[in-house]
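Following: one structure in C-alpha cells, then a few remarks.
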Amino acid sequence: MAKELPLKFYSIDTLAAAKGLLGKYLVRRYRSKTISLMITDVEAYVGQDDKACHASCGKTERNKAMFGRAGRWYVYFTYGIHWMLNIVTESEGYPAAVLIRGTDKVWGPARITKFLKIDKKFNGLPANKKSGLWIEDRGFKVKESEIKRAPRVGVDYAGAWAKKPWRFYILGE
DNA sequence: GCAGTGATCATA
DNA sequence: ATGATCACTGCC
C-alpha cells in the first residue's frame, strides 16, 4: 500500500503538515532505481513574521518557490556546499514550508539531498512521480504521543522565533 | 572547537 | 562591482 500524497495534502497549516509528514516515505526515482526513506525529522518555517524563515525579509529570487503553490519543492544551496530540501505548504502567496531534516536511513538535511542526488533542478517542481521525487503514504501510522517537539536547529539568530518548538521528530535524537 | 565552501543578497 | 551571510558537515 503505497499512495502518492496529493498536492492538496500540503495546502494546510504548516505545523499540521509537518507532523503529518512523519512516517511518510520520501521516494526518489533516479536512473531507473527507486530509493525510499521514511521521514522522521522535520521543521516548519511559517510566513514572513517568522524571523527564522527565509521569507521573513520578503520575496527574493532564492526563496520565491516558498511563495508558490503547496506541494512544490523548495530547494536551496547554503554554506557553499549543501542543498536543503523543503516542501512548500499552505496557500499560494503565503510563504511557508517544511524542511526535511532526517529519515530512517539517512539523517541530516544536507546528507539526504546528497544521498538522493537532489539539487537546484527540483526547486519549484511539484512533488509527484513525474518530477522524480515525491512522498508516499505506506500505511505507517505515527501516534500523536510518539511525536517529539524541539526548537529548530541553527536559527539562534531569530530571537523569540528561535525558541518556537517547530521541529517535529520520531525515533531517537 | 571551527574551517571549508560558494550562491545569494544588499549595497553601490 | 564587492563583502557579509548562511535552516550544515566533517574534521580537529
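This one's a predicted model, so the numbers in the text were calculated from it and none came from an experiment. The figures here come from the full heavy-atom set of this structure, side chains too, leaving out hydrogens, waters and symmetry mates. Chain A is the first sequence line, chain B the second, and so forth, proteins listed ahead of strands; every chain is numbered from 1.
Here A:Arg101 reaches the OP1 or OP2 of C:dC8: one of its side-chain N or O atoms lies under 4.0 Å away. Of the side-chain N and O atoms in A:Lys120, one or more sit less than 4.0 angstrom from OP1 or OP2 of B:dT8. Within the structure, a side-chain polar atom (N or O) of A:Thr60 is placed less than 4.0 Å from OP1 or OP2 of B:dC9. Contact between the side-chain N/O atoms of A:His82 and the OP1/OP2 oxygens of C:dT9 is not found at any separation under 4.0 Å.
A:Leu99 has its CG atom 16 Å from the P atom of C:dC6, to the nearest Å. Regarding A:Met84, its CE atom lies at a distance of 16 Å from the P atom of B:dG6, rounded to whole Å. At whole-Å resolution of the value, OH in A:Tyr74 and C1' in C:dC6 are 11 Å apart. Look at CG on A:Asn63: it is 18 Å from P on B:dA7, rounded to the nearest Å. Nucleotide C:dC8 holds its P atom 9 Å from the OH atom of A:Tyr157, rounded to whole Å. Between the P atom of C:dC11 and the CD1 atom of A:Ile81 lies a distance of 11 Å, rounded to the nearest Å. Between A:His54 atom NE2 and B:dA7 atom C1' the separation is 12 Å, expressed in whole Å. The interatomic distance linking A:Phe77 (CZ) with C:dT9 (P) rounds to 13 Å, in whole Å.
Looking at every heavy atom in both residues, A:Val27 comes nearest to A:Ser36 through CG2-CB, 4.1 Å.
Residue-nucleotide stacking is not present for A:Tyr79 and B:dG6, judged by a side-chain ring centre under 5.5 Å from the six-membered base ring centre and planes under 30° apart.
The base-pairing partner of B:dT5, taking Watson-Crick or G-U wobble contacts with both distances under 3.5 Å, does not exist among the strands shown. Pairing partner, C:dA7: none, since no Watson-Crick or wobble contact has both distances short of 3.5 Å.
Of the candidates A:Tyr169, A:Trp107, A:Phe168, A:Trp107 is the only one forming a side chain to side chain contact (heavy atoms under 4.5 Å, CB included) with A:Arg101.
Checking B:dA7, C:dT9, C:dA7 against the side-chain heavy atoms of A:Pro109 singles out C:dT9 as nearest. The A:Arg62 side chain lies nearest to B:dC9 when the options are B:dA7, C:dT9, B:dC9. Comparing B:dG6, B:dG4, C:dA7 against the side chain of A:Tyr76 picks out C:dA7 as the nearest.
Within the cation-pi definition used here (under 6.0 Å to the ring centroid, within 45° of the axis), A:Arg28 does not qualify as a partner of A:Phe115.
Within 4.0 Å (heavy atoms only), A:Ala52 reaches at least one base atom of the nucleic acid.
For the pair A:Glu61 and A:Gly80, both in contact range of DNA chain B, the more 5′-proximal nearest nucleotide belongs to A:Gly80.
Under a hydrophobic clustering in which Ile, Leu, Val, Met, Phe, Trp and Tyr are joined whenever their side-chain heavy atoms come within less than 4.5 Å, directly or via other members, A:Trp73 and A:Met66 fall into different clusters. A single hydrophobic cluster is seen to contain both A:Trp166 and A:Ile170, as judged by linkage of ILVMFWY side chains at heavy-atom distances under 4.5 Å, directly or through other members.
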